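Take a look at the structure below.
Everything quoted here is computed from the prediction, not taken from an experiment. Letters A, B, ... mirror the listed sequences (proteins, then strands); counts begin at 1.
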There are 2 protein chains.
Amino acid sequence: MNSCYTEIPRVKKGEVPLLPEDRAFRLATVAKALSDPIRIQMVYLLEQRSDLCTCEFEELLGLGQSKVSYHLKILLDAGIVTRETHGTWSHYRLQKSGVLDKLNS
Amino acid sequence: MNSCYTEIPRVKKGEVPLLPEDRAFRLATVAKALSDPIRIQMVYLLEQRSDLCTCEFEELLGLGQSKVSYHLKILLDAGIVTRETHGTWSHYRLQKSGVLDKLNS
DNA sequence: TTTCTTTATCAATTTTTTTTGATGAATGAA
DNA sequence: TTCATTCATCAAAAAAAATTGATAAAGAAA
């Protein structure tokens, strides 16, 4: 046996460590939150204004309220933005800066 | 009119620039490619070994061939990895390093 | 040649995500 | 109070992504 189709000795299971499951899941969650052009634009807007409410996203992006709330919630759940409520308004901010640069090149 | 529910003057359409559409789409594509724990692990493996073939991913991740090929193709299409074929083998490498650090924070 | 290995891709199904319009809660204005 | 505004969330439908098993191409081994 040991019929060798490979030029190079093949890597065996366990020889290269994996990330802990929850770590891989966390990274994937952040990436997933940024995986839509609408949410990329939302982050980009917040990089410029630091504080925007739901209705401002509606106006700046030309999208309906329901859609805007949906996408903001995904950014919120991923910990990319924070939400603060004043009266009837919800104000969103970036949790940490430079999120987009990271994806860039 | 001008009934003002806001404390602060509201941002008007066009006052804050958006990213060019294709730019936003490109960033979203990269993020989407990294939005699955399996693909996060694949990138992590390549950060350690620099060169792995499909069947090595199968072994290291404990996944079937079809699934592995599917996920590798998504990384390939997003430009995150490259593929080089030698004989019947496909060898994958990272196109650029430090992809995961970027998501980290 | 025949057989075995590696691999990509296909089609069908399941699962997840996104969109859309509607509802209702909470607050400000009149 | 009554009406208007902001907003999150719900449910249904549509769209996109992931899983699974099967097929076939191409190269290596016997």
Side-chain angles (χ1 to χ4, degrees), chain A residues 1-12 24-25 28-42 51-78 81-93, chain B residues 1-12 24-25 28-42 51-78 81-93:
Chain A
M1 304 309 125
N2 193 18
S3 57
C4 187
Y5 282 75
T6 59
E7 319 87 48
I8 297 166
R10 196 177 311 176
V11 176
K12 291 284 184 186
F25 190 82
T29 298
V30 172
K32 186 169 296 184
L34 298 171
S35 72
D36 186 294
I38 292 174
R39 298 192 291 267
I40 292 285
Q41 297 285 16
M42 285 172 155
D51 182 314
L52 290 167
C53 67
T54 307
C55 62
E56 289 177 310
F57 283 109
E58 287 178 58
E59 166 127 8
L60 293 169
L61 295 170
L63 300 174
Q65 183 266 314
S66 172
K67 189 183 281 194
V68 165
S69 283
Y70 168 75
H71 286 286
L72 284 171
K73 178 154 172 46
I74 288 172
L75 292 173
L76 183 67
D77 290 346
V81 303
T82 60
R83 177 165 72 195
E84 212 176 311
T85 301
H86 293 117
T88 43
W89 281 261
S90 285
H91 291 271
Y92 291 87
R93 291 172 170 276
Chain B
M1 305 309 123
N2 192 20
S3 57
C4 189
Y5 284 74
T6 58
E7 320 87 50
I8 296 164
R10 195 179 310 177
V11 175
K12 290 286 183 182
F25 189 83
T29 298
V30 171
K32 186 169 296 183
L34 298 171
S35 73
D36 188 293
I38 292 176
R39 298 194 290 268
I40 292 285
Q41 295 285 15
M42 286 172 156
D51 183 313
L52 292 167
C53 67
T54 307
C55 62
E56 288 176 311
F57 283 108
E58 286 178 58
E59 166 125 10
L60 294 169
L61 296 171
L63 300 173
Q65 182 266 316
S66 174
K67 189 183 279 194
V68 165
S69 283
Y70 168 76
H71 286 286
L72 284 171
K73 178 152 171 47
I74 287 171
L75 292 173
L76 182 66
D77 290 347
V81 304
T82 60
R83 176 165 73 195
E84 212 176 312
T85 302
H86 293 117
T88 43
W89 281 262
S90 286
H91 291 270
Y92 291 86
R93 290 172 171 276

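Comparing D:dC7, D:dG27, C:dA8 by their nearest atom to the side chain of A:Cys55 picks out D:dC7. Relative to the side chain of A:Arg39, the nucleotides C:dT18, C:dA22, C:dT7 differ in distance, and C:dT18 lies closest. The side chain of A:Ser90 approaches D:dC7 more closely than any other nucleotide in the set D:dC7, C:dT19, C:dT7.
In terms of heavy atoms, B:Ser35 sits closest to A:Lys32 at O-CE, 3.3 Å.
To the nearest angstrom, C1' of D:dA8 lies 12 Å from CD of A:Glu58. Counting to the nearest Å, the C1' atom of C:dT6 and the CZ atom of B:Phe57 are 15 Å from each other. In this structure, A:Lys67 atom NZ and C:dA22 atom P are separated by 16 Å, rounded to whole Å. A straight line from CH2 of A:Trp89 to P of D:dA8 spans 13 Å, rounded to a whole angstrom. Here C:dT18 presents its P atom at 4 Å from OH of A:Tyr70, a figure rounded to the nearest Å. Residue A:Arg10 contributes atom CZ, which lies 10 Å from atom P of C:dT5 at whole-angstrom precision. Rounded to an integer number of Å, the gap from NZ of B:Lys32 to C1' of D:dA15 is 11 Å. In this structure, the CG atom of A:Leu76 is 14 Å from the P atom of D:dC7, given to the nearest Å.
Base engagement by A:Ser69 is indicated by at least one non-hydrogen atom pair under 4.0 Å involving a base atom. At the heavy-atom level, A:Ser66 lies under 4.0 Å from base atoms of the strands shown.
Note: A:Glu56 CD to A:Trp89 CH2 = 10.5 Å, rounded to the nearest 0.5 Å. With rounding to the nearest 0.5 Å, the separation of CZ in B:Phe25 from CG in A:Asp36 is 9.5 Å. Taking OG1 from A:Thr29 and CG from B:Leu34, the interatomic distance works out to 12.5 Å, rounded to the nearest 0.5 Å. Summarising the geometry, atom OG belonging to B:Ser69 is positioned 11.5 Å from atom CD1 belonging to B:Ile74; distances are rounded to the nearest 0.5 Å.
The residue among A:Asp36 and A:Gly87 whose nearest nucleotide of DNA chain C lies closer to the 5′ end is A:Asp36.
Close to D:dC7, at under 4.0 Å from its OP1 or OP2, lies no side-chain N or O of A:Arg83. In this model, the phosphate group of D:dT19 is approached by a side-chain N or O of B:His71 to a distance below 4.0 Å at OP1 or OP2.
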